[in-house]
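Throughout, protein chains are lettered first and strands after them, A, B, ... in sequence-line order, and every chain is numbered starting at 1.
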Amino acid sequence: MSSPVRVRFAPSPTGFLHVGSGHSALANWMVARQTGGEFLLRIEDTDAERNRPELVDNVLEMLEWLGLTWDGTPVHQSARGELYADAAQTLVAAGAVYFCDCTGEQVQARNKESGGKPGYDGHCRDRGLVAGPGRAARFRTPDEGRTGWTDLVRGDVTFANADIEDFVVLRGSGAPMFLLANAFDDADMGITHVIRGEDHVNSTPKYLLLLDALGLSRPTAFAHMPLLVNESRKKLSKRRDDVSMSDYRDRGYLPEAMVNYLALLGWGPADGVEVRPISEIVDLYRLEDVNASPAFFDQKKLSFVNAEHIRALPTDEFQARAIPFLTLGDPAREALATLAVEAQERVRTLAEVEPMIEFLIVDEPTVDEASWTKAITKGRNVVEMLDASIARLEALDADQWIPAPIQEAIGAAALDAGLVNAEGKPQLSKAQGPVRVALTGRTVGLPLWESITVLGRERTLSRLRATRGRLE
RNA sequence: GCCCCCAUCGUCCAGCGGCCUAGGACACCUGCCUUUCACGCAGGUAACACGGGUUCGAAUCCCGUUGGGGGUACCA
(Lines give C-alpha, C1' and ligand atoms only; values in the text may rest on other atoms or scores of the structure.)
Protein backbone atom coordinates (compact mmCIF):
# COMPACT_ATOMS: atom_id res chain seq x y z
CA MET A 1 0.00 0.00 0.00
CA SER A 2 2.28 2.71 -1.16
CA SER A 3 -0.01 5.04 -3.07
CA PRO A 4 -1.55 7.75 -0.91
CA VAL A 5 -4.70 6.68 0.86
CA ARG A 6 -7.58 8.82 1.98
CA VAL A 7 -8.94 7.54 5.26
CA ARG A 8 -11.22 8.79 7.94
CA PHE A 9 -11.97 8.37 11.60
CA ALA A 10 -15.69 8.75 12.18
CA PRO A 11 -16.56 8.90 15.86
CA SER A 12 -20.05 9.33 17.16
CA PRO A 13 -20.13 11.84 20.01
CA THR A 14 -21.98 9.63 22.45
CA GLY A 15 -19.10 9.24 24.90
CA PHE A 16 -15.51 10.10 25.69
CA LEU A 17 -12.89 8.82 23.30
CA HIS A 18 -12.55 5.14 24.01
CA VAL A 19 -9.26 3.23 23.82
CA GLY A 20 -10.89 0.96 21.22
CA SER A 21 -11.75 3.94 19.05
CA GLY A 22 -8.23 5.20 19.61
CA HIS A 23 -6.97 1.88 18.27
CA SER A 24 -8.94 2.32 15.05
CA ALA A 25 -8.07 6.00 14.76
CA LEU A 26 -4.40 5.13 15.13
CA ALA A 27 -4.54 2.53 12.36
CA ASN A 28 -6.13 5.07 10.04
CA TRP A 29 -3.64 7.74 10.96
CA MET A 30 -0.62 5.47 10.53
CA VAL A 31 -1.68 4.31 7.10
CA ALA A 32 -2.33 7.90 6.02
CA ARG A 33 1.04 9.11 7.25
CA GLN A 34 2.86 6.14 5.86
CA THR A 35 1.55 6.67 2.36
CA GLY A 36 1.55 10.45 2.40
CA GLY A 37 -2.22 10.31 2.28
CA GLU A 38 -4.92 12.10 4.21
CA PHE A 39 -6.48 11.39 7.57
CA LEU A 40 -9.90 13.00 7.76
CA LEU A 41 -12.32 13.39 10.62
CA ARG A 42 -16.05 13.02 10.43
CA ILE A 43 -18.36 13.50 13.37
CA GLU A 44 -21.28 11.10 13.04
CA ASP A 45 -23.94 13.01 14.90
CA THR A 46 -27.07 12.14 12.99
CA ASP A 47 -28.87 10.92 16.09
CA ALA A 48 -30.09 14.11 17.72
CA GLU A 49 -31.34 12.15 20.72
CA ARG A 50 -28.06 10.66 21.83
CA ASN A 51 -25.76 13.25 20.47
CA ARG A 52 -23.83 15.29 23.01
CA PRO A 53 -21.93 18.03 21.18
CA GLU A 54 -19.65 18.79 24.11
CA LEU A 55 -18.14 15.33 23.74
CA VAL A 56 -16.73 16.25 20.36
CA ASP A 57 -14.27 18.44 22.24
CA ASN A 58 -13.05 15.48 24.23
CA VAL A 59 -12.58 13.39 21.10
CA LEU A 60 -10.60 16.10 19.33
CA GLU A 61 -8.59 16.86 22.43
CA MET A 62 -7.63 13.22 22.86
CA LEU A 63 -6.66 12.80 19.22
CA GLU A 64 -4.43 15.83 19.58
CA TRP A 65 -3.00 14.49 22.79
CA LEU A 66 -2.18 11.20 21.07
CA GLY A 67 -0.57 13.11 18.24
CA LEU A 68 -3.06 11.85 15.68
CA THR A 69 -3.28 15.07 13.75
CA TRP A 70 -5.95 15.19 11.11
CA ASP A 71 -6.14 16.89 7.76
CA GLY A 72 -8.66 19.58 6.96
CA THR A 73 -11.67 20.51 9.02
CA PRO A 74 -13.79 17.86 10.71
CA VAL A 75 -17.01 17.18 8.85
CA HIS A 76 -20.19 17.17 10.92
CA GLN A 77 -22.96 15.01 9.57
CA SER A 78 -25.53 17.08 11.41
CA ALA A 79 -24.79 19.89 8.95
CA ARG A 80 -25.21 17.74 5.87
CA GLY A 81 -28.87 16.81 6.10
CA GLU A 82 -29.70 18.04 2.60
CA LEU A 83 -27.10 15.84 1.04
CA TYR A 84 -28.56 12.77 2.71
CA ALA A 85 -32.08 13.83 1.78
CA ASP A 86 -30.98 14.07 -1.85
CA ALA A 87 -29.32 10.69 -1.65
CA ALA A 88 -32.49 9.25 -0.18
CA GLN A 89 -34.44 10.81 -3.02
CA THR A 90 -32.18 9.03 -5.47
CA LEU A 91 -33.03 5.78 -3.76
CA VAL A 92 -36.74 6.51 -3.87
CA ALA A 93 -36.59 7.39 -7.56
CA ALA A 94 -34.73 4.20 -8.31
CA GLY A 95 -37.24 2.13 -6.37
CA ALA A 96 -34.47 0.92 -4.11
CA VAL A 97 -36.42 1.77 -0.98
CA TYR A 98 -40.00 1.52 0.18
CA PHE A 99 -41.87 3.23 2.98
CA CYS A 100 -42.83 1.50 6.15
CA ASP A 101 -45.03 2.45 9.06
CA CYS A 102 -44.39 -0.53 11.28
CA THR A 103 -43.43 0.25 14.84
CA GLY A 104 -40.67 -1.63 16.55
CA GLU A 105 -43.22 -3.31 18.79
CA GLN A 106 -45.23 -4.55 15.83
CA VAL A 107 -42.17 -5.99 14.16
CA GLN A 108 -41.09 -7.70 17.34
CA ALA A 109 -44.54 -9.09 17.96
CA ARG A 110 -44.70 -10.58 14.46
CA ASN A 111 -41.21 -12.02 14.82
CA LYS A 112 -42.13 -13.61 18.09
CA GLU A 113 -45.17 -15.19 16.51
CA SER A 114 -43.24 -16.54 13.55
CA GLY A 115 -40.43 -18.17 15.50
CA GLY A 116 -38.57 -15.46 17.35
CA LYS A 117 -36.00 -14.39 14.81
CA PRO A 118 -34.95 -10.76 14.97
CA GLY A 119 -34.76 -8.36 12.07
CA TYR A 120 -37.35 -6.77 9.86
CA ASP A 121 -39.79 -9.20 8.25
CA GLY A 122 -40.52 -7.24 5.08
CA HIS A 123 -44.10 -6.53 6.09
CA CYS A 124 -44.36 -3.27 4.11
CA ARG A 125 -42.33 -4.38 1.13
CA ASP A 126 -45.24 -4.57 -1.24
CA ARG A 127 -47.78 -2.38 0.46
CA GLY A 128 -46.96 0.54 -1.83
CA LEU A 129 -46.97 3.09 0.99
CA VAL A 130 -45.99 6.60 -0.08
CA ALA A 131 -43.71 8.86 1.88
CA GLY A 132 -45.30 10.49 4.87
CA PRO A 133 -44.83 11.54 8.46
CA GLY A 134 -43.76 8.67 10.67
CA ARG A 135 -42.96 6.49 7.71
CA ALA A 136 -39.41 5.22 7.50
CA ALA A 137 -37.70 4.41 4.23
CA ARG A 138 -36.39 0.88 4.10
CA PHE A 139 -33.82 -0.45 1.68
CA ARG A 140 -35.12 -3.32 -0.39
CA THR A 141 -32.32 -5.86 -0.14
CA PRO A 142 -31.92 -8.42 -2.92
CA ASP A 143 -33.46 -11.84 -2.33
CA GLU A 144 -30.69 -13.67 -4.09
CA GLY A 145 -26.98 -13.50 -4.63
CA ARG A 146 -24.21 -12.57 -2.25
CA THR A 147 -22.52 -9.38 -1.26
CA GLY A 148 -18.96 -9.30 -0.09
CA TRP A 149 -15.56 -7.74 -0.22
CA THR A 150 -11.92 -8.55 0.31
CA ASP A 151 -10.87 -7.35 3.71
CA LEU A 152 -7.22 -6.45 4.27
CA VAL A 153 -7.36 -8.04 7.70
CA ARG A 154 -9.88 -10.83 7.18
CA GLY A 155 -9.63 -11.86 3.56
CA ASP A 156 -12.82 -12.53 1.61
CA VAL A 157 -16.02 -11.96 3.56
CA THR A 158 -19.40 -12.52 1.99
CA PHE A 159 -23.02 -12.55 3.05
CA ALA A 160 -26.04 -14.09 1.40
CA ASN A 161 -28.32 -11.22 0.40
CA ALA A 162 -31.28 -13.22 1.61
CA ASP A 163 -29.88 -12.95 5.13
CA ILE A 164 -29.73 -9.18 5.01
CA GLU A 165 -32.85 -7.53 6.35
CA ASP A 166 -34.53 -4.51 4.80
CA PHE A 167 -32.83 -1.86 6.86
CA VAL A 168 -33.97 1.68 7.51
CA VAL A 169 -32.15 4.44 5.66
CA LEU A 170 -34.45 7.30 6.61
CA ARG A 171 -36.26 7.62 9.92
CA GLY A 172 -39.93 8.45 10.13
CA SER A 173 -38.78 11.95 11.04
CA GLY A 174 -36.93 12.20 7.76
CA ALA A 175 -33.56 12.11 9.47
CA PRO A 176 -30.93 9.87 7.88
CA MET A 177 -29.73 6.69 9.54
CA PHE A 178 -26.11 5.78 10.14
CA LEU A 179 -25.68 3.59 7.08
CA LEU A 180 -26.99 6.15 4.61
CA ALA A 181 -24.92 9.01 5.98
CA ASN A 182 -21.90 6.82 6.51
CA ALA A 183 -21.81 5.23 3.08
CA PHE A 184 -22.73 8.41 1.27
CA ASP A 185 -20.08 10.43 3.06
CA ASP A 186 -17.33 7.92 2.46
CA ALA A 187 -18.03 8.16 -1.24
CA ASP A 188 -18.53 11.90 -1.14
CA MET A 189 -15.29 12.43 0.77
CA GLY A 190 -13.39 10.17 -1.57
CA ILE A 191 -12.40 7.70 1.13
CA THR A 192 -10.22 4.99 -0.38
CA HIS A 193 -9.71 2.78 2.67
CA VAL A 194 -12.34 2.12 5.28
CA ILE A 195 -10.53 1.08 8.46
CA ARG A 196 -12.76 0.46 11.46
CA GLY A 197 -13.60 -2.03 14.18
CA GLU A 198 -14.79 -5.56 13.65
CA ASP A 199 -18.18 -4.61 15.04
CA HIS A 200 -18.89 -3.02 11.66
CA VAL A 201 -18.38 -6.18 9.64
CA ASN A 202 -22.04 -7.12 9.67
CA SER A 203 -23.18 -3.76 8.40
CA THR A 204 -20.67 -3.68 5.57
CA PRO A 205 -22.81 -5.61 3.06
CA LYS A 206 -25.61 -3.12 3.66
CA TYR A 207 -23.16 -0.30 3.14
CA LEU A 208 -22.03 -1.87 -0.12
CA LEU A 209 -25.56 -2.46 -1.37
CA LEU A 210 -26.39 1.13 -0.57
CA LEU A 211 -23.45 2.53 -2.50
CA ASP A 212 -24.37 0.37 -5.48
CA ALA A 213 -27.96 1.60 -5.39
CA LEU A 214 -26.77 5.17 -5.12
CA GLY A 215 -24.54 4.70 -8.14
CA LEU A 216 -21.51 5.59 -6.03
CA SER A 217 -18.27 3.71 -6.20
CA ARG A 218 -17.07 1.46 -3.45
CA PRO A 219 -13.91 2.22 -1.46
CA THR A 220 -10.89 0.39 -2.83
CA ALA A 221 -10.25 -1.40 0.44
CA PHE A 222 -11.68 -2.33 3.80
CA ALA A 223 -9.88 -3.33 6.94
CA HIS A 224 -11.85 -4.46 9.96
CA MET A 225 -9.62 -4.23 12.98
CA PRO A 226 -9.72 -6.74 15.83
CA LEU A 227 -11.81 -5.70 18.79
CA LEU A 228 -10.12 -4.82 22.04
CA VAL A 229 -11.43 -7.03 24.82
CA ASN A 230 -11.31 -7.27 28.61
CA GLU A 231 -10.11 -10.16 30.78
CA SER A 232 -13.31 -12.06 30.10
CA ARG A 233 -12.74 -11.60 26.38
CA LYS A 234 -15.71 -9.34 25.90
CA LYS A 235 -15.60 -6.19 23.85
CA LEU A 236 -14.35 -3.33 25.98
CA SER A 237 -17.33 -1.48 27.30
CA LYS A 238 -17.79 1.96 28.72
CA ARG A 239 -19.80 0.59 31.60
CA ARG A 240 -17.56 -2.03 33.08
CA ASP A 241 -14.09 -1.38 31.72
CA ASP A 242 -11.43 1.29 31.98
CA VAL A 243 -11.73 2.68 28.50
CA SER A 244 -11.70 6.44 28.60
CA MET A 245 -8.61 7.78 26.88
CA SER A 246 -8.62 10.89 29.03
CA ASP A 247 -8.55 8.76 32.16
CA TYR A 248 -5.31 7.21 31.01
CA ARG A 249 -3.90 10.64 30.32
CA ASP A 250 -5.00 11.77 33.77
CA ARG A 251 -3.48 8.72 35.40
CA GLY A 252 -0.07 9.62 34.04
CA TYR A 253 0.30 7.64 30.86
CA LEU A 254 2.35 9.23 28.11
CA PRO A 255 0.69 9.64 24.73
CA GLU A 256 3.71 8.13 23.01
CA ALA A 257 3.38 5.07 25.23
CA MET A 258 -0.34 4.83 24.54
CA VAL A 259 0.02 4.88 20.76
CA ASN A 260 2.99 2.52 20.98
CA TYR A 261 0.99 0.02 23.01
CA LEU A 262 -2.15 0.39 20.94
CA ALA A 263 -0.16 -0.31 17.77
CA LEU A 264 0.99 -3.57 19.37
CA LEU A 265 -2.55 -4.84 19.73
CA GLY A 266 -3.26 -6.99 16.71
CA TRP A 267 0.13 -6.33 15.18
CA GLY A 268 3.81 -6.71 15.93
CA PRO A 269 6.97 -5.45 14.26
CA ALA A 270 8.92 -8.07 12.30
CA ASP A 271 12.15 -7.29 14.17
CA GLY A 272 10.52 -7.90 17.53
CA VAL A 273 11.38 -4.48 18.91
CA GLU A 274 8.17 -3.53 20.64
CA VAL A 275 8.99 -0.34 22.45
CA ARG A 276 9.92 2.31 19.92
CA PRO A 277 8.89 5.70 18.56
CA ILE A 278 5.65 5.85 16.65
CA SER A 279 7.50 7.21 13.62
CA GLU A 280 9.24 3.86 13.24
CA ILE A 281 6.01 1.99 13.70
CA VAL A 282 4.39 4.06 10.99
CA ASP A 283 7.07 2.86 8.59
CA LEU A 284 6.73 -0.79 9.57
CA TYR A 285 2.97 -1.08 9.97
CA ARG A 286 0.98 -3.06 7.40
CA LEU A 287 -2.76 -3.62 7.61
CA GLU A 288 -2.18 -6.92 5.84
CA ASP A 289 -0.20 -8.06 8.87
CA VAL A 290 -2.88 -7.21 11.39
CA ASN A 291 -4.40 -10.17 13.24
CA ALA A 292 -8.09 -10.79 12.93
CA SER A 293 -8.55 -12.13 16.45
CA PRO A 294 -9.59 -9.99 19.40
CA ALA A 295 -6.82 -8.59 21.57
CA PHE A 296 -6.81 -8.21 25.33
CA PHE A 297 -6.13 -4.68 26.49
CA ASP A 298 -3.49 -5.46 29.08
CA GLN A 299 -2.91 -2.61 31.50
CA LYS A 300 0.17 -4.30 32.91
CA LYS A 301 1.87 -4.28 29.57
CA LEU A 302 0.70 -0.73 28.95
CA SER A 303 2.38 0.23 32.22
CA PHE A 304 5.58 -1.45 31.16
CA VAL A 305 5.58 0.37 27.84
CA ASN A 306 4.80 3.59 29.68
CA ALA A 307 7.69 3.11 32.09
CA GLU A 308 10.03 2.53 29.18
CA HIS A 309 8.93 5.73 27.51
CA ILE A 310 9.25 7.64 30.77
CA ARG A 311 12.82 6.45 31.21
CA ALA A 312 13.64 7.41 27.65
CA LEU A 313 12.72 11.03 28.31
CA PRO A 314 15.45 13.64 28.90
CA THR A 315 15.29 14.48 32.60
CA ASP A 316 14.11 18.04 32.13
CA GLU A 317 11.37 16.79 29.87
CA PHE A 318 10.39 14.21 32.47
CA GLN A 319 10.14 16.97 35.04
CA ALA A 320 8.05 19.14 32.78
CA ARG A 321 5.65 16.29 32.11
CA ALA A 322 5.40 15.36 35.77
CA ILE A 323 4.64 18.86 37.03
CA PRO A 324 0.95 18.79 36.06
CA PHE A 325 0.60 15.72 38.25
CA LEU A 326 1.91 17.43 41.37
CA THR A 327 -0.79 18.55 43.76
CA LEU A 328 1.36 19.90 46.55
CA GLY A 329 2.50 23.12 44.91
CA ASP A 330 5.93 24.69 44.82
CA PRO A 331 7.47 22.49 47.50
CA ALA A 332 6.60 19.51 45.35
CA ARG A 333 8.22 21.07 42.32
CA GLU A 334 11.36 21.81 44.25
CA ALA A 335 11.47 18.31 45.63
CA LEU A 336 11.02 16.89 42.15
CA ALA A 337 13.78 19.10 40.80
CA THR A 338 16.24 17.63 43.30
CA LEU A 339 15.31 13.99 42.84
CA ALA A 340 14.07 13.87 39.27
CA VAL A 341 16.73 11.48 38.01
CA GLU A 342 16.09 9.04 40.83
CA ALA A 343 12.33 9.23 40.48
CA GLN A 344 12.35 8.92 36.72
CA GLU A 345 13.80 5.45 36.66
CA ARG A 346 11.35 4.17 39.25
CA VAL A 347 7.91 5.33 38.23
CA ARG A 348 5.64 3.59 35.78
CA THR A 349 3.27 6.51 35.44
CA LEU A 350 3.61 10.22 36.06
CA ALA A 351 1.04 9.95 38.83
CA GLU A 352 3.50 7.87 40.83
CA VAL A 353 5.97 10.73 41.07
CA GLU A 354 4.43 12.69 43.88
CA PRO A 355 3.94 9.82 46.33
CA MET A 356 7.61 9.09 45.84
CA ILE A 357 8.76 12.56 46.90
CA GLU A 358 5.95 13.27 49.30
CA PHE A 359 8.15 12.75 52.37
CA LEU A 360 9.99 15.92 51.41
CA ILE A 361 6.86 17.98 51.34
CA VAL A 362 4.65 17.00 54.20
CA ASP A 363 5.45 17.77 57.83
CA GLU A 364 4.90 14.24 58.98
CA PRO A 365 5.34 11.37 56.58
CA THR A 366 2.46 8.93 56.63
CA VAL A 367 3.70 5.75 58.25
CA ASP A 368 2.95 2.61 56.33
CA GLU A 369 1.94 -0.03 58.81
CA ALA A 370 3.54 -2.99 57.07
CA SER A 371 6.76 -1.04 56.71
CA TRP A 372 6.78 -0.14 60.40
CA THR A 373 6.27 -3.74 61.37
CA LYS A 374 8.96 -4.98 59.08
CA ALA A 375 11.70 -2.46 59.79
CA ILE A 376 10.92 -1.26 63.30
CA THR A 377 8.92 -3.86 65.19
CA LYS A 378 10.74 -6.82 63.71
CA GLY A 379 13.98 -5.06 62.86
CA ARG A 380 17.24 -5.94 64.55
CA ASN A 381 18.99 -3.50 66.93
CA VAL A 382 16.54 -0.80 65.95
CA VAL A 383 16.93 1.41 68.99
CA GLU A 384 20.70 1.20 68.79
CA MET A 385 20.63 1.97 65.10
CA LEU A 386 18.44 5.02 65.53
CA ASP A 387 20.53 6.34 68.39
CA ALA A 388 23.75 5.80 66.50
CA SER A 389 22.35 7.42 63.36
CA ILE A 390 21.31 10.48 65.29
CA ALA A 391 24.73 10.77 66.85
CA ARG A 392 26.66 10.19 63.65
CA LEU A 393 24.56 12.54 61.58
CA GLU A 394 24.66 15.24 64.23
CA ALA A 395 28.42 15.12 64.02
CA LEU A 396 28.40 16.00 60.34
CA ASP A 397 29.38 19.54 59.40
CA ALA A 398 27.08 21.54 57.19
CA ASP A 399 29.30 21.07 54.16
CA GLN A 400 29.29 17.33 54.70
CA TRP A 401 25.54 17.06 54.31
CA ILE A 402 25.88 15.37 50.95
CA PRO A 403 25.41 11.72 49.91
CA ALA A 404 28.92 10.30 50.40
CA PRO A 405 29.53 11.52 53.97
CA ILE A 406 25.97 10.65 54.87
CA GLN A 407 26.50 7.12 53.64
CA GLU A 408 29.65 6.91 55.74
CA ALA A 409 27.82 8.21 58.77
CA ILE A 410 25.07 5.63 58.41
CA GLY A 411 27.70 2.95 57.85
CA ALA A 412 29.48 4.00 61.03
CA ALA A 413 26.17 4.01 62.87
CA ALA A 414 25.55 0.47 61.71
CA LEU A 415 28.89 -0.58 63.18
CA ASP A 416 28.01 1.24 66.38
CA ALA A 417 24.71 -0.62 66.50
CA GLY A 418 26.30 -3.98 65.90
CA LEU A 419 24.91 -4.46 62.42
CA VAL A 420 28.06 -6.01 61.04
CA ASN A 421 28.62 -8.65 58.42
CA ALA A 422 31.19 -11.47 58.40
CA GLU A 423 33.88 -9.24 56.93
CA GLY A 424 33.36 -6.64 59.60
CA LYS A 425 31.57 -4.29 57.21
CA PRO A 426 28.30 -2.53 58.05
CA GLN A 427 25.11 -4.31 57.00
CA LEU A 428 23.71 -1.39 55.09
CA SER A 429 20.60 -3.19 53.92
CA LYS A 430 19.56 -3.85 57.50
CA ALA A 431 20.80 -0.53 58.82
CA GLN A 432 18.92 1.66 56.40
CA GLY A 433 15.55 0.10 57.16
CA PRO A 434 14.67 1.88 60.41
CA VAL A 435 16.18 5.12 59.15
CA ARG A 436 14.17 4.98 55.96
CA VAL A 437 10.95 4.30 57.79
CA ALA A 438 11.65 7.10 60.25
CA LEU A 439 12.28 9.57 57.44
CA THR A 440 9.82 8.49 54.75
CA GLY A 441 7.35 6.22 56.47
CA ARG A 442 8.09 3.33 54.14
CA THR A 443 10.64 0.60 53.55
CA VAL A 444 10.83 1.26 49.85
CA GLY A 445 11.67 4.50 48.15
CA LEU A 446 14.32 6.64 46.58
CA PRO A 447 17.99 6.07 47.45
CA LEU A 448 18.47 7.00 51.09
CA TRP A 449 21.64 9.09 51.04
CA GLU A 450 20.23 11.36 48.39
CA SER A 451 16.92 11.53 50.20
CA ILE A 452 18.62 12.54 53.45
CA THR A 453 20.65 15.15 51.62
CA VAL A 454 17.53 16.76 50.22
CA LEU A 455 15.50 16.35 53.41
CA GLY A 456 18.06 18.46 55.26
CA ARG A 457 19.72 18.20 58.60
CA GLU A 458 16.96 19.59 60.76
CA ARG A 459 14.11 17.50 59.46
CA THR A 460 16.21 14.38 59.27
CA LEU A 461 17.26 14.60 62.88
CA SER A 462 13.86 15.53 64.19
CA ARG A 463 12.19 12.62 62.40
CA LEU A 464 14.82 10.21 63.68
CA ARG A 465 14.31 11.51 67.21
CA ALA A 466 10.55 11.30 66.90
CA THR A 467 10.72 7.70 65.83
CA ARG A 468 13.22 6.91 68.53
CA GLY A 469 10.81 8.54 70.98
CA ARG A 470 8.03 6.19 69.98
CA LEU A 471 10.16 3.25 71.07
CA GLU A 472 10.58 4.28 74.71
C1' G B 1 -32.02 -18.92 16.99
C1' C B 2 -29.77 -16.88 12.46
C1' C B 3 -25.52 -14.45 10.09
C1' C B 4 -20.25 -13.15 10.20
C1' C B 5 -15.45 -13.64 12.24
C1' C B 6 -11.68 -15.93 15.19
C1' A B 7 -8.58 -20.17 17.40
C1' U B 8 0.18 -20.68 18.99
C1' C B 9 2.61 -19.88 26.33
C1' G B 10 -1.95 -16.60 31.54
C1' U B 11 -1.48 -12.09 27.93
C1' C B 12 0.36 -9.55 23.24
C1' C B 13 3.02 -10.79 19.04
C1' A B 14 6.63 -14.13 15.53
C1' G B 15 5.82 -18.44 12.54
C1' C B 16 2.98 -18.02 5.64
C1' G B 17 4.83 -26.63 4.20
C1' G B 18 10.83 -28.81 5.90
C1' C B 19 15.46 -23.90 9.32
C1' C B 20 10.16 -25.65 15.24
C1' U B 21 13.11 -30.63 20.37
C1' A B 22 7.86 -23.61 18.32
C1' G B 23 10.95 -17.74 18.94
C1' G B 24 10.37 -12.64 21.35
C1' A B 25 7.82 -9.37 24.82
C1' C B 26 4.55 -8.52 29.32
C1' A B 27 3.30 -10.97 33.74
C1' C B 28 5.06 -14.69 37.21
C1' C B 29 9.25 -17.51 39.73
C1' U B 30 14.89 -18.12 40.77
C1' G B 31 19.61 -16.09 41.07
C1' C B 32 23.20 -12.03 40.30
C1' C B 33 24.03 -6.75 40.91
C1' U B 34 22.70 -3.61 45.02
C1' U B 35 21.64 1.07 50.89
C1' U B 36 15.42 -0.39 50.02
C1' C B 37 12.88 -0.21 45.56
C1' A B 38 13.50 0.19 40.50
C1' C B 39 16.82 -0.54 36.39
C1' G B 40 20.16 -4.05 34.34
C1' C B 41 21.99 -9.08 33.74
C1' A B 42 21.52 -14.66 33.84
C1' G B 43 18.03 -18.49 34.17
C1' G B 44 13.03 -20.90 34.82
C1' U B 45 7.64 -22.34 34.45
C1' A B 46 4.35 -21.99 30.31
C1' A B 47 1.17 -22.83 24.03
C1' C B 48 0.36 -25.03 18.32
C1' A B 49 -8.17 -26.59 21.04
C1' C B 50 -9.79 -31.56 19.07
C1' G B 51 -10.69 -35.03 14.93
C1' G B 52 -10.16 -36.18 9.98
C1' G B 53 -7.83 -35.37 5.41
C1' U B 54 -3.88 -33.37 1.51
C1' U B 55 1.56 -34.13 1.42
C1' C B 56 7.64 -37.64 1.46
C1' G B 57 6.76 -33.85 5.34
C1' A B 58 1.74 -29.55 8.68
C1' A B 59 1.65 -24.99 14.01
C1' U B 60 1.53 -23.69 8.83
C1' C B 61 -3.22 -26.00 3.40
C1' C B 62 -8.56 -28.25 3.29
C1' C B 63 -12.99 -30.18 5.90
C1' G B 64 -15.56 -31.06 10.35
C1' U B 65 -16.19 -30.63 15.69
C1' U B 66 -15.65 -27.86 19.91
C1' G B 67 -14.76 -23.29 22.07
C1' G B 68 -14.68 -17.89 21.99
C1' G B 69 -16.18 -13.27 20.03
C1' G B 70 -19.12 -9.85 17.04
C1' G B 71 -23.77 -8.57 14.76
C1' U B 72 -28.84 -9.16 14.72
C1' A B 73 -32.44 -1.11 16.44
C1' C B 74 -36.51 4.28 12.99
C1' C B 75 -27.96 3.58 17.85
C1' A B 76 -23.45 4.47 15.59
Side-chain angles (χ1 to χ4, degrees), chain A residues 10-14 44-47 49-51 77 100 102-104 107-108 115-120 134-138 148 151 153-155 157-160 162-165 167-173 175 177-179 181-182 197-205 224 226-227 229 231-235 261 264-275 289 291-298 300-305 307 311 342-348 356 371 375 407 410-411 414 426-433 435-437 440 442-451:
Chain A
S12 170
T14 53
E44 307 221 318
D45 50 1
T46 53
D47 185 351
E49 306 274 303
R50 290 161 211 261
N51 189 20
Q77 290 190 328
C100 166
C102 299
T103 63
V107 176
Q108 270 182 28
K117 56 176 184 179
Y120 187 64
R135 289 180 178 175
R138 283 186 186 275
D151 197 282
V153 172
R154 277 149 223 283
V157 183
T158 71
F159 290 75
D163 289 331
I164 304 171
E165 66 172 328
F167 56 96
V168 173
V169 296
L170 226 47
R171 295 176 167 85
S173 65
M177 287 288 286
F178 158 71
L179 249 355
N182 184 262
E198 190 197 342
D199 43 354
H200 288 281
V201 166
N202 292 276
S203 65
T204 302
H224 286 93
L227 252 22
V229 300
E231 48 289 310
S232 30
R233 311 230 45 105
K234 298 267 194 264
K235 181 169 81 159
Y261 178 63
L264 259 20
L265 258 18
W267 176 86
D271 62 10
V273 180
E274 297 188 322
V275 178
D289 295 337
N291 277 325
S293 29
F296 172 56
F297 186 81
D298 185 356
K300 281 190 174 169
K301 184 141 185 180
L302 203 213
S303 288
F304 164 78
V305 173
R311 284 184 223 114
E342 303 295 351
Q344 184 175 5
E345 56 190 35
R346 286 170 175 76
V347 296
R348 291 169 81 85
M356 203 162 267
S371 295
Q407 175 176 357
I410 299 292
Q427 285 183 301
L428 256 18
S429 65
K430 286 229 169 16
Q432 58 99 44
V435 177
R436 182 183 291 282
V437 171
T440 71
R442 305 188 54 89
T443 52
V444 301
L446 266 15
L448 231 209
W449 327 139
E450 284 75 7
S451 296

Contact summary for A/Leu446 and A/Arg346, nearest pair of heavy atoms: CD1-CD, 3.6 Å

Within this structure, what is the CZ-to-C1' distance between A/Arg346 and B/A38, rounded to whole angstrom? 5 Å

Note, A/Val435 side chain near A/Leu448 side chain (heavy atom, < 4.5 Å): yes

So, OP1 or OP2 of B/U35: does either fall under 4.0 Å of a side-chain N or O from A/Lys430? no

Candidate nucleotides B/C26, B/G70, B/C12, ranked by approach to the side chain of A/Leu265 - the nearest: B/C12

OP1 or OP2 of B/C37 sitting under 4.0 Å from any side-chain N/O of A/Arg436? no

Calculate the interatomic distance between A/Arg311 atom CZ and B/G40 atom C1'; express it in whole Å. 10 Å

To the nearest angstrom, how far is A/Ile164 atom CD1 from B/C4 atom P? 10 Å

So does A/Glu198 pair up with A/Lys235, basic N to acidic O under 4.0 Å? no

Could you tell me the separation between the CH2 atom of A/Trp449 and the C1' atom of B/U35, rounded to a whole number of Å? 4 Å

At under 4.0 Å, does any side-chain N or O of A/Asn291 touch on OP1 or OP2 of B/U8? no

Look only at the side chain of A/Tyr261 and the backbone of A/Ser303, and say whether a donor-acceptor pair between them is shorter than 3.5 Å. no

Report the distance from atom NE2 of A/His224 to atom C1' of B/G71, rounded to the nearest whole Å. 11 Å

Nearest to the A/Arg233 side chain among B/A76, B/C13, B/G69, which nucleotide is it? B/G69

Let me know, please, whether A/Thr46 or A/Pro269 comes out on the 5' side of the other along RNA chain B by nearest nucleotide. A/Pro269

If I take atom CD in residue A/Gln77 and atom C1' in nucleotide B/C75, what distance separates them, rounded to the nearest angstrom? 13 Å

Which sits closer to the 5' end of RNA chain B, A/Cys102 or A/Val153, going by the nucleotide each is nearest to? A/Val153

Rounding to an integer number of Å, can you tell me how far A/Leu302 CG sits from B/U11 P? 18 Å

Please state whether the phosphate of B/G70, meaning OP1 or OP2, lies under 4.0 angstrom from any side-chain nitrogen or oxygen of A/Arg154. no

Base paired to B/C50 (Watson-Crick or G-U; both N/O distances under 3.5 angstrom): B/G64

B/A27 OP1/OP2 closer than 4.0 Å to side-chain N/O of A/Arg348: yes

How close or far is atom C1' of B/A76 from atom CZ of A/Phe167, stated in whole angstroms? 14 Å

Please state whether the base of B/G71 and the side chain of A/Glu198 form at least one donor-acceptor pair under 3.5 Å? no

Should the pair A/Glu274-A/Lys301 be classified as a salt bridge under the 4.0 Å nitrogen-to-oxygen rule? yes

Taking donor-acceptor contacts at under 3.5 Å, does the side chain of A/Asp199 reach the base of B/G71? no

